[in-house]
Amino acid sequence: DMAELLKIKSEAEDFQSEYFYRNSQAEEKRQKENQAATQIQSWFRACKVRAYFSHLHKKAVIIQKIWRGFTARARFRQMVKAAYFIMKMNFYEEMAVRIQRRWRGFFVRKYIHNFYARKSYLEGLFRKNELVRRELDELEELQKRERDCLEMVKEQTAKVYQAYRLHHLLSTKQCPGVFNSPFRSAPHEMEQLLRQVKYQAPTRLAPGGRACLLGMPGPAAPSFSGTLGSPWIKTTQTRCSSRPILPPIGSKKQQVRW
Amino acid sequence: MQHIPDYTVLLDLSRSQTVFLSVFAVFEQYQKSRMQFVQTVADLASRPQNIEMLQNAGVMSMLRPLMLDVVPSIQQTAALALGRLADHSDDLAEAVVKEDILPQLVHSLASQNRFYKKAAAFVLRAVAKHSPELSQAVVACGGVDALVLCLEEFDPGVKEAAAWALGFIARHNALLSQSVVDAGAVPLLVLCLLEPEMALKRIAASTLSDISKHTPELAQTVVDCGAIAHLAQMILNPDAKLKRQVFSALSQISKHSVSLAEMVIEAEIFPAAVACLRDPDEYVRKNVTTLMREVVKHTPELSQVIVNCGGMAAVIDYLGNCRGNLRLPAIMMLGYVAAHSENLAMAVILSKGVPQLALCLSEESEHHIKAATAWSIGQIGHHTPEHAKAVATAHLLPKLLELYMDANSSEDLQAKSKKALKSVLQKCTYLPGLEPLLYDVPSNILKHVVCQFSKVLPHDSKARRLFVTSGGLKKLQEIEAEPGSLLQEHINAINSCFPEEIVRYYSPGYSEVLLERLENYQPA
């Protein structure tokens with residue numbers, strides 16, 4: 001009753017003060033609790049979002065992973081193809097270089113600077129030089145001999161002509177001639193020539209005759225010792241005899257006529 | 001020709017005409033005395049000592065009216081005397097021109113008989129031979145046309161005299177030759193080549209040679225008239241003087257250009273011309289080598305033709321047989337051949353050209369011949385080390401050096417021998433040949449020598465040993481070179497091929513260094 005009422009009143013007052021105290025406490029803590037609640041809520045929301053993101057993230061990673069693998073494999077296949085191609089090309093080039101090397105070596109050695117051709121050319125040249133030298137020597141020799149021969153023929157002709165002009169110096173049985181001195185062991189060659197010379201009485205010579213006299217001796221053969229074709233040399237049979245043949249006496253036809 | 005009365009016949013007339021006869025006797029005496037005068041002058045003029053006196057006596061003005069004489073023999077003898085006088089000296093020839101005798105001569109050349117033509121052509125030749133101005137005077141009064149008319153005559157003596165006169169005119173310069181060619185002389189001269197008379201052939205060949213020597217166009221004109229074929233046929237003729245002129249003509253033609261030389265070669269003279277190199281007459285041989293030189297200097301192919309027919313051997317034998325100025329064309333020919341390519345240079349070396357050139361260098365004393373020899377040696381040796389070795393083994397490098405260093409040598413000789421020496425040295429790897437060149441050598445040559453040593457020594461151990469034992473290393477150390485110069489670099493390169501002790505052993509002053517060390521040494 002009253003005690004209970006007082007108790008209830010004090011309880012109500014206590015309750016009021018408690019209520020007020022709790023409200024004031026709650027009011028004070030409202031801010032804090034609000035903030036805490038907000039924090040908790042935000043944290044929770046963040047977790048939710050994070051979970052969502054990580055889910056998304058994982059799925060995105062999966063997609064990207066698959067895509068990258070795909071692209072990379074495609075690229076790799078391409079690279080393999082390219083590498084293969086390059087390897088093949090290198091091989092071909094290497095082989096082409098070998099062929100070209102051999103070909104260039106061959107070409108240069110055969111056409112541009114042929115060592116063996118040059119060697120054989122120089123050897124051939126050497127032999128040709130020897131040949132030419134020998135032939136020229138022979139030619140010179142031949143020409144010299146011809147010239148000598150001509151000179152000797154000229155000399156001999158001159159001697160024969162001289163003998164013809166000096167026919168009167170021939171030695172007779174009675175009187176030895178100028179060229180047949182008794183003190184010599186054998187007669188002089190001029191004496192022999194004089195014996196061979198055919199005497200012709202001087203007639204008025206036509207110019208052809210004179211040329212015939214002088215031009216005829218001189219056969220091409222080098223043996224001129226006994227085969228002169230001169231008209232005033234007697235035939236060879238009488239060469240060794242010492243008996244001159246005199247012209248017939250009293251032939252009035254051969255009168256000197258100017 | 002008018003009938004000249006022979007006065008002697010008139011002496012047979014009757015006595016009643018003694019007065020008439022005495023008149024004729026006067027004329028006859030005058031004619032005799034003129035004839036005698038002219039003949040005596042002609043005889044005197046053939047001896048050089050009389051000519052001065054004749055000139056002082058005023059013979060020119062005396063002879064001039066006699067050239068217009070009625071009697072043809074007096075005219076001819078007067079012309080002959082005039083020709084002999086003009087032949088002898090310059091002033092007399094000028095006097096002939098000044099006295100206006102030339103127009104008369106030229107005028108009467110057309111109309112007179114062959115003896116007169118011969119004598120008149122002789123006068124023109126005697127005048128033209130002295131100088132270009134006198135020849136120009138002959139040309140100016142129409143002498144060339146008259147002479148060309150003479151070339152169409154039958155008589156070979158007249159043709160010879162006319163051709164000779166044309167030759168002397170054309171000899172002086174290109175302008176005069178051009179006037180001779182313009183008068184149409186060349187076809188007639190080529191026809192003269194075909195005549196049987198030897199003298200005429202000789203003169204025709206010599207005139208063609210004189211015409212074609214000046215310019216390529218003139219030579220082309222001569223060739224266009226077919227001269228080459230006829231000249232080529234005459235190569236095998238036995239007459240020596242003809243061969244001289246023929247070869248001289250061919251060489252004058254071929255010297256101008258490649259096409260002309262090729263035409264000369266196409267006439268296939270070459271194997272036959274080589275035989276003429278053994279002719280007894282030395283001028284024939286000289287002209288053959290001149291021809292070969294003119295042909296060879298143009299292109300390698302032409303040189304190849306001559307080398308292939310054995311010309312090299314013949315020329316080198318020729319070099320051995322002759323002396324003096326005759327050697328010059330042969331030496332130059334070898335140089336030209338070797339200059340074209342290393343093949344041909346090797347051919348020259350194979351034909352024993354280098355020893356022969358060495359002989360020439362030592363025997364000859366004229367500087368221009370020595371210069372030509374040095375040039376040829378340079379052309380032979382500068383191609384490859386093989387060639388340089390051939391030159392070095394003939395001991396030519398010290399000789400070339402000597403020529404370069406000799407103070408008496410002419411500029412040309414020094415320049416040529418220096419160039420030859422340098423070009424051979426740059427390719428020479430034959431070390432025994434290079435050794436003598438380390439001593440007493442000017443520095444510009446020395447650097448090449450040392451350069452060659454520095455190229456060879458690093459690779460060849462035997463050569464190194466030889467270098468040390470022969471004293472080369474010692475000499476090398478004595479060379480003073482500016483540090484940093486090329487010479488010093490080469491010396492360093494060589495020194496680095498040898499162990500240091502050896503280098504120090506040979507360096508100058510080593511014995512002093514050792515003695516110093518000895519003095520400072522304290523025995524422990």
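In what follows, every chain begins at residue 1, and chains take the letters A, B, ... in the order their sequences are listed.
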### Query
Quick one: which residues of residues 60-82 of chain A reach chain B at under 4.5 angstrom, heavy atoms only?
none
### Message
So, taking the atom named CG in B:Leu291 and the one named CD1 in B:Ile235, what distance separates them when rounded to the nearest 0.5 Å?
### Response
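Rounded to the nearest 0.5 Å, the CG-CD1 separation comes to 7.5 Å.
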### Task
Working to the nearest 0.5 Å, report the span between CZ of A:Phe126 and CG of A:Leu131.
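Taking CZ in A:Phe126 and CG in A:Leu131, the distance rounds to 12.5 Å.
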### Message
Tell me whether A:His57 at atom NE2 has more than 12 heavy atoms from other residues, nucleotides or ligands lying less than 6.0 Å away.
### Response
no
### Task
Not counting sequence neighbours, which residues clear ring-ring contact (aromatic ring centres under 6.0 Å, His included) with A:His167? List them please.
A:Tyr199
Minimum-distance pair of heavy atoms, taken over all atoms of [X] and [Y]:
{"X": "B:Ile369", "Y": "B:Leu328", "value": "CA-CD1, 4.2 Å"}
{"X": "A:Leu193", "Y": "A:Ala163", "value": "CB-CB, 3.9 Å"}
{"X": "B:Ala347", "Y": "B:Val307", "value": "CB-CG1, 4.1 Å"}

### Message
For A:Glu94, give me all partners under side chain to side chain donor-acceptor pair (under 3.5 Å), at least two apart in sequence or on another chain.
### Response
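With sequence neighbours excluded, A:Glu94 shows a side chain to side chain donor-acceptor pair (under 3.5 Å) to A:Arg98, given in chain and number order.
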### Query
Is it the backbone or the side chain of A:Leu139 that comes under 4.5 Å from a heavy atom of chain B, or both, or neither?
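Side chain only.
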### Message
Taking side chain as everything from C-beta outward and backbone as N, CA, C, O, which of these in A:Leu125 sits under 4.5 Å from a heavy atom of chain B? Side chain, backbone, both or neither.
### Response
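Contact with chain B involves the side chain of A:Leu125 alone.
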### Message
What I'd like to find out is whether the side chain of B:Leu231 reaches to under 4.5 Å of the side chain of B:Ile269, using heavy atoms alone.
### Response
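No - every pair of side-chain heavy atoms lies 4.5 Å or more apart.
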### Query
Do the side chains of A:Met87 and A:Phe91 get nearer than 4.5 Å, heavy atoms only?
no
Please tabulate, one pair per line, the donor and acceptor atoms of chain B and chain A that lie under 3.5 Å from each other, or say none if there are none.
residue  : atom : partner  : partner atom : Å
A:Arg118 : NE   : B:Glu342 : OE2          : 3.4
A:Arg118 : NE   : B:Asn343 : OD1          : 3.2
A:Arg118 : NH2  : B:Glu342 : OE1          : 2.9
A:Tyr121 : OH   : B:Gln304 : NE2          : 2.5
A:Tyr121 : OH   : B:Asn308 : OD1          : 3.0
A:Lys128 : NZ   : B:Asn308 : O            : 3.4
A:Asn129 : ND2  : B:Ser351 : OG           : 2.9
A:Arg133 : NE   : B:Asp317 : OD1          : 3.1
A:Arg133 : NE   : B:Asp317 : OD2          : 3.1
A:Arg133 : NH2  : B:Ser351 : O            : 3.4
A:Asp137 : OD1  : B:Arg278 : NH1          : 2.6
A:Asp137 : OD1  : B:Arg278 : NH2          : 3.4
A:Glu140 : OE1  : B:Arg278 : NH1          : 2.9

